[in-house]
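Encoded as structure tokens, the structure appears first; notes follow it.
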Amino acid sequence: MATHPTEYAHPEALVETDWLEKHLKDDGIRVIESNEDILLYDTGHIPGAVHIDWRADLQDPVIRDYISPEKFARLCSRHAITPDTTCIFYGDKANWWACYALWAFRLFGHAKMKILNGGNSEICGDKLSRTEETIRQRDSRILR
């Protein structure tokens, strides 16, 4: 635990933009953008990042609950996320919805997750390049 108010309780849960820039193309890394503003991803995002909508992708539209484990497995498969993938989450509103998405992944048993320190505010400050190009969704056919 942090002993000073300026220290993080769990610094191992964070990655900095310089680390991410060096590891963007590493096997086993998937960058995930999750925002309150669902249109924000299309205006520019980290190259290679996938968009996971906290509402449409993680919440069941009928029963006001999280999606089923089967739907979560399909979501992960669609984005080539396996249990061995380290997911780096970031988003708007100081990572508010990115942390929500991270928590939902944890709820479904995914263990390898980190948050980009600063979220969209870090990449908007030209610390990382942005693109409007979306990657073709992949289907890894991996069952969780």
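The chain is numbered in sequence order, starting from 1.
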Completion exercise
Closest heavy-atom pair, A104 versus L58, reported as atoms and distance to 0.1 Å, is CB-CD1, 4.0 Å
Exercise for the section: Would you kindly say whether E33 and Y41 are connected by a side-chain donor-acceptor distance under 3.5 Å? Expected result: no
Fill in the blank from the handout: When rounded to the nearest 0.5 Å, the distance separating CD1 of I32 from NE2 of H45 is 13.0 Å
Fill in the blank from the handout: Rounded to the nearest 0.5 angstrom, the OG1-NE2 distance for T86 and H23 is 11.0 Å
Practice task
Please go through L39's hydrophobic cluster and name the other residues, only I, L, V, M, F, W, Y counting, with side-chain heavy atoms under 4.5 Å joining them.
Solution key: I38
Practice task
Can you see which heavy atom on R30 is nearest to which on H79, and at what distance?
Solution key: NE-O, 2.9 Å
Practice task
Look at the side chain of S34 and the backbone N and O of G91, then say whether any donor-acceptor pair between them is shorter than 3.5 Å.
Solution key: no
Fill in the blank from the handout: The ring-ring contact (aromatic ring centres under 6.0 Å, His included) partner of W103 among Y66, W96, F108, W97 is Y66
Practice task
Using a 4.5 Å cut-off on heavy atoms from C-beta on, say whether the side chain of Y90 contacts that of V31.
Solution key: yes
Problem - Results of salt bridge (Lys or Arg N to Asp or Glu O under 4.0 Å) for K112 - residues two or more places apart only - result: none
Practice task
Would you confirm whether D53, through its side chain, and A56, through its main-chain N or O, come within 3.5 Å as a donor-acceptor pair?
Solution key: yes
Completion exercise
Tested for ring-ring contact (aromatic ring centres under 6.0 Å, His included) against F105, the lone hit among Y100, W54, F89 is F89
Problem - Over 12 non-hydrogen atoms of neighbours within 6.0 angstrom of NZ in K93 - result: no
Problem - Whether T85 side chain and C87 backbone form a donor-acceptor pair below 3.5 Å - result: no
Handout entry: Heavy-atom side-chain proximity of I46 to L24 below 4.5 angstrom
Key = yes
Problem - Nearest-0.5 Å distance, CG of residue L102 to CG of residue N95 - result: 9.5 Å
Problem - Distance, nearest 0.5 Å, that separates CD of E36 from CZ of R55 - result: 8.0 Å
Handout entry: Partner of N120 under side-chain hydrogen bond (donor to acceptor under 3.5 Å, both in side chains), chosen from N35, D92, D37
Key = N35
Problem - Approximate separation, where rounding is to 0.5 Å, of L14 CG and I88 CD1 - result: 10.0 Å
Exercise for the section: Would you mind reporting whether Y8 and N117 have side-chain heavy atoms less than 4.5 Å apart? Expected result: yes
Problem - NZ/NE/NH1/NH2 to OD/OE distance under 4.0 Å, D57 and R74 - result: no
Problem - Interatomic spacing from SG in C76 to CD1 in I52 - rounded to 0.5 Å - result: 6.5 Å
Handout entry: Student check: side-chain heavy atoms of I81 and L75 closer than 4.5 Å
Key = no
